[in-house]
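Remember, it's 1-based here, ligands and their atoms both numbered in the order they're listed.
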Amino acid sequence: MEIEHALSVFGGIELRPTQRQIIEAVLDKHDVLVFMPTGSGKSLTFQLPAIADSTGCTLVISPLLALMDNQIQGLLAKGIYAATINHRTADETRQSIQKSLLKGQGPKLLYISPELACSDGFKTIVDQLVESSFLNRVVVDEAHCALEWGREFRKEYAQLGFFKAKYPDLQMMALTATATADARKKIASSLKLKNPKVFSTSVNRSNTHYEVNYVEDPTERLRSIIRFLKTYKKRIESVYGREKMPYPGCGLIYCRSRATTEQVAEQLRDSGIGAYAYHAKLEASEKERVMNRWLEGDPDYMVVVATIAFGMGVDKPDTRFVIHFDMPQNIEQFSQQTGRAGRDGKACLSILYYSLQGRNMGVRFARTEQEIESLKALALYGETITKCRHLSLASYFEQVPDKPHVWCEFACDICKSQRKVQKSYESWQDSFY
Ligand SMILES: Nc1ncnc2c1ncn2[C@@H]1O[C@H](COP(=O)(O)OP(=O)(O)OP(=O)(O)O)[C@@H](O)[C@H]1O
């Protein structure tokens with residue numbers, strides 16, 4: 001099937017130039033390594049070739065069930081046969097999927113976890129699929145989970161090199177938003193990719209307005225957020241009306257601890273702002289309710305106040321802001337969480353509350369040399385008050401543009417008013433003495 005024909009399934013969207021190049025390389029049977037920022041449309045680069053294949057299956061290895069479900073629902077809604085096998089799958093369904101795969105009539109995309117991929121039972125299925133030429137390629141999504149130093153490290157991710165070790169000609173594709181040169185090398189080597197075509201696009205998200213607020217006291221931080229959200233809500237409602245559904249101004253606030261998410265959400269509700277907490281210890285039904293209402297754009301769920309448990313794979317394109325009430329653990333986490341906003345390409349806002357307490361907490365939890373480096377990069381991002389925030393982020397990812405002003409155009413607090421940032425930074429510093 002032609003690219004254009006396969007694309008029609010996606011409702012007439014136009015491929016971005018890099019997406020097209022990647023898809024062409026995949027259809028040319030190259031191993032491919034993709035580094036593109038969060039929300040830049042990486043999924044399409046493996047979904048479209050899978051649809052274009054006349055027979056056989058693309059195996060997608062993904063770290064989270066929620067992430068798999070999200071993609072499968074989207075594909076099924078477009079009439080594409082996609083499925084998952086995981087611990088929740090009934091035996092009958094599992095057997096029926098396996099049988100259909102071996103006849104070449106199975107799902108076009110089969111999503112599985114790295115743990116299942118590495119199990120002996122599944123390896124036997126892979127053997128049979130390769131022998132019958134029904135396995136077109138293996139896609140490793142969120143490939144940075146293979147990096148031992150990352151917070152999201154999963155040991156089975158680091159074992160996925162077995163595919164190429166046994167079947168050197170089996171095509172593999174790896175995708176991640178983590179973009180340092182070191183990460184690239186390590187991912188390619190861990191998966192044993194053969195002369196991969198590497199695609200790396202700018203980490204810059206020019207639709208994001210970056211802002212850093214230097215506030216040490218958590219109570220003052222909360223006051224500042226409430227002030228911001230009240231003004232913001234008023235503005236939204238004056239344009240769209242009070243009860244607009246879906247609500248056009250949804251966002252996320254990240255905190256470090258579960259207790260903080262609950263406290264912040266409660267205080268926001270008391271101030272008339274629709275907000276609910278989301279963390280790993282909530283009942284499954286509560287998590288589902290909060291996630292679904294937020295995704296639907298319910299005004300009472302305008303803000304989700306979350307721990308790190310809410311993040312990877314959440315795709316709500318019209319998320320308008322991400323606020324870090326507490327500092328994230330490092331710059332990778334900051335970049336990934338901020339990447340939840342503005343996935344529709346429209347303007348969005350990132351506000352980082354920077355504090356000495358947050359920085360020290362990061363030091364306490366950093367486990368490896370690389371994590372410390374990434375935390376230092378976050379500190380540099382927060383404490384550099386003479387350089388555009390977009391550029392500070394880009395320097396960590398070793399991407400410095402020729403024409404920095406084109407990247408930002410006043411889309412950060414420093415480019416907007418360096419004097420104001422300097423004043424706020426200095427008064428924060430003064431508060432220590
Ligand atoms: N060419 C395109 N034109 C318009 N919208 C697109 C295009 N490609 C992807 N999108 C949309 O952009 C959004 C983000 O895409 P996707 O989830 O693939 O991002 P991603 O790069 O995988 O992000 P993450 O790293 O966070 O998983 C989705 O809503 C998707 O439908």
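One option in Gly41, Ala177, Pro17, Pro317 has a heavy atom closer to atom 19 (O) of ligand 1 than any other, and that option is Gly41.
Polar contact check, Leu15 against ligand 1: no nitrogen or oxygen pair lies under 3.5 Å apart. Every N/O-N/O distance between Thr38 and ligand 1 stays at or above 3.5 Å.
Listed by first and then second residue, the salt bridge (Lys or Arg N to Asp or Glu O under 4.0 Å) pairs that reach into residues 248-269 come to none, sequence neighbours excluded.
Atoms of ligand 1 found under 4.0 Å from any heavy atom of Glu142, numbered from 1 in the order shown, are 27 (O). Atoms of ligand 1 found under 4.0 Å from any heavy atom of Glu14 (numbered from 1 in listed order, with element): 1 (N), 2 (C), 3 (N).
Between Pro37 and ligand 1 there is a heavy-atom distance shorter than 4.0 Å. In this structure, Arg340 is part of the shell of residues with a heavy atom less than 4.0 angstrom from ligand 1.
Heavy atoms of Met36 found under 4.0 angstrom from ligand 1: none, in either backbone or side chain. Using a 4.0 Å cut-off between heavy atoms, Gln336 makes no contact with ligand 1 at all. With a heavy-atom cut-off of 4.0 Å, Ser43 touches ligand 1 through backbone and side chain alike.
Each of Tyr354, Tyr254, Tyr381 was scored for a ring pair (Phe, Tyr, Trp, His ring centres under 6.0 Å) with Phe334, with one residue passing: Tyr381.
A salt bridge links Glu4 with Arg20: the closest approach of a Lys/Arg side-chain nitrogen to an acidic carboxylate oxygen falls below 4.0 angstrom. Using a 4.0 Å cut-off between charged nitrogen and carboxylate oxygen, Lys197 and Asp28 do not count as a salt-bridge pair. Using a 4.0 Å cut-off between a side-chain N of Lys or Arg and a carboxylate O of Asp or Glu, Asp31 and Lys192 do not qualify as a salt bridge.
Not counting sequence neighbours, the partners of Glu115 by the side-chain contact (heavy atoms from CB on, under 4.5 Å) test are Ser113, Arg154, Glu156.
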If you apply the rule salt bridge (charged side-chain N to carboxylate O under 4.0 Å, His left out), what do you find for Lys316 with Asp318, and how did you get there? CA-CA 6 Å; Lys316 180 166 169 54; Asp318 61 349; 3.1 Å; yes

